[in-house]
2 protein chains.
Amino acid sequence: MARSETTKKTTRIQRQKTEIILEAALDVFSDFGFRGSTIDMIANRANLSKPNILYYFDNKEAIHITLLEKLLETWLEPLHEINENNPPIDEICKYIEQKLNMARDFPRESKLFANEILQGAPHVLPELQGTLRALVEKKAKIIKNWSKQGKIADIDPNHLFFSIWATTQHYADFDIQVQSVLNDETVDPFQSASPFLKKMFSTMLEP
Amino acid sequence: MARSETTKKTTRIQRQKTEIILEAALDVFSDFGFRGSTIDMIANRANLSKPNILYYFDNKEAIHITLLEKLLETWLEPLHEINENNPPIDEICKYIEQKLNMARDFPRESKLFANEILQGAPHVLPELQGTLRALVEKKAKIIKNWSKQGKIADIDPNHLFFSIWATTQHYADFDIQVQSVLNDETVDPFQSASPFLKKMFSTMLEP
DNA sequence: AACATTACTGACCAAACGGTCAAGTTTTTT
DNA sequence: AAAAAACTTGACCGTTTGGTCAGTAATGTT
């Protein structure tokens with residue numbers, strides 16, 4: 001039985017090895033998806049034996065779920081930061097910038113999440129319907145208030161969020177396609193996307 | 001050996017069964033991804049035996065590739081239709097509408113494609129770097145011409161296409177997430193997304 | 001040093017999977 | 001009606017995969 005289930009107190013080795021395993025698993029899962037990944041692949045990547053991996057995690061699914069839970073926290077963090085009292089367009093542009101930076105700096109996490117959602121969110125559907133839904137609802141109210149006060153144009157907040165998520169994560173999840181289209185151009189897609197997206201959304205939001 | 005490889009002439013039964021198999025495979029592949037799908041799942045879905053499936057296709061990969069090739073044609077069709085001589089914003093809005101309709105009417109195809117790209121496009125990378133890249137380059141020139149002539153604002157055509165693809169396909173690929181956020185609202189996401197996206201892109205494009 | 005706990009592994013197992021094949025059935029052709 | 005071609009399948013095979021387990025090694029505790 002994996003220690004994660006039976007013991008509360010963790011040893012130094014447990015923390016180290018758990019971290020190594022999760023790091024390797026993120027590599028593998030984000031490249032091949034859950035069902036395309038094998039414990040052996042993770043074991044090789046981590047330089048550990050397969051039984052050793054299963055000593056720390058009950059099974060393959062447990063590794064996946066641990067990764068997804070860790071991910072969701074940091075994933076929603078930028079959304080939390082949207083502040084009603086600051087200038088609306090500044091706040092939205094900051095949010096876009098943060099989401100784009102996350103896509104650039106954590107592409108594996110983005111792909112892991114995309115894979116999970118594409119397959120119907122078998123592991124995080126409750127979180128989507130709970131945490132995510134509540135948070136979006138809260139922030140949507142802020143957007144609507146801004147609209148009512150004439151600070152921004154009257155737009156649907158939900159679709160605004162969908163569009164921001166879609167456009168920013170696109171550069172991580174579909175990087176192969178982006179690279180294929182831009183192949184000879186040397187500029188970093190993320191760098192040129194940033195002003196483009198900020199302009200697009202701020203133009204739309206102007207009252 | 002599969003008839004598809006050895007024979008040029010196809011019989012009535014071959015056409016029927018091939019169609020049934022591809023239809024079932026699209027269901028399965030779009031739900032579970034390539035590696036998460038099994039020939040048995042496709043066989044069950046198609047009400048055929050596994051050896052019977054392998055009588056028409058050499059192997060699992062051949063089914064997948066056939067689906068992707070069929071898909072790519074129809075997928076790029078709306079992009080072909082962009083016409084330099086029509087009003088720019090009308091053309092872009094028509095393109096958005098077509099892409100959104102495709103996401104609504106062919107969500108399985110959209111998910112199949114998303115899965116393939118997420119995994120690094122192992123089966124269609126050459127097409128991305130060839131057909132897609134060339135077509136986008138051609139249409140990007142049209143956009144740039146419009147900009148030069150002052151008909152639309154000066155924006156990066158590549159990022160424009162990325163944004164349109166990302167936002168429209170998002171409603172098919174991430175439908176679970178969209179539904180989770182909108183769960184109590186009875187409106188069809190695609191219906192409300194259409195005016196939102198058209199407004200967003202046309203506002204940005206106004207000179 | 002003796003003991004207890006934690007960490008690790010080679011060998012193994014059952015199930016799932018992609019794919020084959022010989023032998024049968026059905027359809028088409030003559 | 002007979003021969004040929006196309007179609008179908010149960011049984012089977014080798015490999016991969018998730019997971020187990022008994023036994024060993026390392027680490028920590030007294």
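So you know, we letter chains A, B, ... as the sequences are listed, proteins then strands, and number each from 1.
- Contact annotation: A/Tyr56 side-chain N/O to C/dT6 OP1/OP2 distance is not under 4.0 Å.
- Side-chain N/O atoms of B/Tyr55 include none lying less than 4.0 angstrom from OP1 or OP2 on D/dT8.
- A cation-pi arrangement is not found for A/Lys70 relative to A/Trp75, the charged atom failing to lie both closer than 6.0 Å to the ring centre and inside a 45° cone about the ring normal.
- Between A/Arg12 and D/dT27 there is no side-chain N or O to OP1 or OP2 distance below 4.0 Å.
- A straight line from CG of B/Leu54 to P of C/dC21 spans 12 Å, rounded to a whole angstrom.
- Here C/dG18 presents its P atom at 4 Å from NZ of B/Lys60, a figure rounded to the nearest Å.
- Computed from coordinates, the B/Arg15 CZ to C/dT28 C1' distance equals 14 Å when rounded to whole Å.
- Mapped onto DNA chain C by nearest heavy atom, B/Pro51 and A/Leu48 fall at different nucleotides, with A/Leu48 at the one closer to the 5' end.
- What separates CD of A/Gln16 from C1' of C/dT6 is a distance of 14 Å, to the nearest Å.
- When all heavy atoms are compared, the tightest approach of B/Gln119 to A/Gly33 is OE1-N, 3.9 Å.
- Taking only side-chain atoms of B/Thr11, from C-beta outward, the nucleotide of D/dA6, C/dT20, C/dT6 with the closest atom is D/dA6.
- For the pair B/Lys50 and B/Ile13, nearest-nucleotide mapping onto DNA chain D gives the more 5' position to B/Ile13.
- Among the nucleotides D/dG19, D/dC7, C/dT28, the one closest to the side chain of B/Lys17 is D/dC7.
- Atom CD1 of A/Ile21 and atom C1' of C/dA7 are 11 Å apart (whole Å).
- Rounded to a whole Å, the CG atom of B/Asn52 is 5 Å from the P atom of D/dT9.
- Neither OP1 nor OP2 of C/dG18 sits under 4.0 Å from any side-chain N or O of B/Asn59.
- Between the side chains of A/Glu81 and A/Gln98, at least one donor N or O lies within less than 3.5 Å of an accepting N or O.
- Summarising the geometry, the separation between CG on B/Asp58 and C1' on C/dG18 is reported as 13 Å, rounded to the nearest angstrom.
- Relative to the six-membered ring of A/Phe34, A/Lys60 meets both conditions, a distance below 6.0 Å and an angle of at most 45° to the axis.
- Side-chain contact annotation: B/Thr10 with B/Arg15, donor-acceptor N/O pair under 3.5 Å present.
- Contact annotation: A/Gln14 reaches the phosphate of C/dA7 (side-chain N/O to OP1 or OP2, under 4.0 Å).
- With rounding to whole Å, B/Met41 atom CE is found 15 Å from C/dA15 atom C1'.
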